[in-house]
Amino acid sequence: MPAASPQQITLLGATGSIGASTLDVISRHPDRYSVFALTAHRAANRLAELCLRFSPRYAVMTDSDAAKKLKTLLQTGRCATTVLEGEQALCEVACASETDTVMAAIVGAAGLAPTLAAVTAGKKVLLANKEALVMSGQLFMDAVEVSGCCLYPIDSEHNAVFQSLPRNFRRHTEGSGIRRILLTASGGPFRNASPEKLETVTPEQACAHPVWSMGRKISVDSATMMNKGLEVIEAHWLFGVPPGQIEVVIHPQGIIHSMVDYIDGSVLAQLGNPDMRIPIANALAWPERLASGARALDLFEIAALSFERPDFGRFPCLSLSYQALEAGGAMPTALNAANEEAVAAFLDGGLGFRRIADVVAATLECNGWQGAETLEAVLEADARARSFAREEICKRGAA
Ligand code: NAD
Ligand code: MG
């Protein structure tokens with residue numbers, strides 16, 4: 001049954017890969033969803049195209065020159081969308097009274113402020129921006145608790161866990177009957193690569209993911225397996241499951257998106273083709289089901305599913321993530337910040353692929369990653385970790 005009036009959606013990060021998948025699902029159901037605001041960082045041409053197609057009330061560009069360009073493009077196209085600029089405007093469209101649902105699909109720490117603003121305002125929040133949760137864990141979940149907002153995971157693994165948990169599940173307790181969460185991972189493009197090969201990886205090779213088509217930062221994270229490490233931290237905060245009960249399973253076909261192992265021996269899983277429109281449609285319509293445009297799963301075509309243990313030696317980012325989660329405080333904030341800096345340097349040709357993990361490890365080894373109780377403390381730790389990581393990057397360079 002379509003809603004009486006369409007849900008008004010604010011899409012943070014509209015020009016990215018998740019942004020495109022979200023708009024694809026929304027455009028299939030114009031009776032149910034309407035676009036209230038679209039945001040992007042610098043991609044003015046792309047955002048202009050989207051404004052002309054979806055006619056949002058607002059468009060936000062965080063980059064000031066790009067905002068000017070967008071205004072000109074929209075005037076030429078006679079589009080009535082109002083253009084806003086800057087980081088504060090992201091928060092304004094995220095908690096505007098006219099918006100019902102916020103898709104948090106900005107990449108990296110830049111998404112924290114508007115996502116928290118949406119949570120605090122009690123919006124329905126669809127969370128793709130895992131870095132925001134990783135960097136501010138307890139603070140973020142406390143804000144969810146206080147506002148009572150409905151938070152839906154978009155990351156395919158977490159959405160699969162969400163679908164495999166009891167319908168009224170809130171947070172893991174002694175009585176919830178969960179033995180483990182099994183987070184699946186494709187293993188990325190270098191699952192079988194030798195340590196020598198890993199020394200010479202280029203950004204293009206790292207971004208060529210064998211299963212998923214995604215933005216460049218998350219593609220590199222998948223290649224180092226930092227993505228899975230961030231997802232372990234994300235699963236801990238979303239579901240309240242201790243780190244020792246979250247296990248990573250390499251599953252190269254990318255068909256089982258994750259599982260919940262219960263104490264009676266039952267394992268519940270969610271399966272589907274690797275297509276982000278599936279978790280997006282699930283979260284948009286929950287508890288109903290919505291056609292997403294994804295292809296139906298053909299088990300005969302897939303024929304076999306396989307599983308392997310992760311190689312913590314070749315992919316140290318995975319162990320670093322568990323370490324940061326166990327240590328607590330601002331350690332996950334520092335892990336995320338150092339990783340963002342190191343990945344950006346790698347993509348710019350200024351850091352070798354294997355040095356990404358070295359930079360993160362060196363950053364975690366510094367002292368002083370204790371408190372992350374307030375937003376100020378989180379932002380201070382984030383800034384300090386970035387400045388330390390940048391020094392490490394200068395020392396190590398592209399070698
Ligand atoms: P992307 O690089 O394709 O898009 C990023 C979006 O964020 C763009 O719209 C860009 O304009 C915006 N942006 C970038 N920097 C910004 C800044 N400083 N301020 C404001 N906006 C900024 O990224 P993506 O692959 O769509 O990923 C988005 C988020 O979703 C990430 O956190 C990623 O980990 C998560 N995620 C993505 C996938 C996927 O399949 N792509 C799957 C699971 C989770
Ligand atoms: Mg994922």
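Only a predicted model underlies this, so the values are computations on that prediction, with no experimental measurement involved. Whatever order the structure lists them in is the order used to number ligands and atoms, beginning at 1. All residue numbers refer to positions in the sequence shown, counting from 1.
A donor-acceptor contact shorter than 3.5 Å links the side chain of His257 to the backbone of Gly272. Lys228 contributes a side-chain N or O that, together with a main-chain N or O of Thr184, makes up a donor-acceptor pair within less than 3.5 Å. A donor-acceptor pair is defined here as one N or O able to donate and one able to accept, closer than 3.5 Å; no such pair exists between the side chain of Ser21 and the backbone of Ile18.
Of all N/O/S atoms in Asp155, OD1 sits nearest the Mg ion (ligand 2).
Within a 6.0 Å sphere centred on CD of Glu145, other residues, nucleotides and ligands contribute 12 heavy atoms or fewer. Within a 6.0 Å sphere centred on CD of Glu87, other residues, nucleotides and ligands contribute 12 heavy atoms or fewer.
Using a 4.5 Å cut-off between side-chain heavy atoms of Ile, Leu, Val, Met, Phe, Trp and Tyr, with links allowed through other members, Val107 and Leu127 fall into different hydrophobic clusters. In this structure, Leu347 is a member of the same hydrophobic cluster as Val359, with clusters built from ILVMFWY side-chain heavy atoms closer than 4.5 Å.
Sorted by chain then number, the residues whose non-hydrogen atoms approach ligand 1 to under 4.0 Å are Gly13, Ala14, Thr15, Gly16, Ser17, Ile18, Ala40, His41, Thr62, Ala105, Ile106, Val107, Ala110, Ala128, Asn129, Lys130, Glu131, Asp155, Met214, Gly215, Ile218, Met276.
Note: angle at the Mg ion (ligand 2), from OE2 of Glu231 to OE1 of Glu157, is 100° (rounded to 10 degrees).
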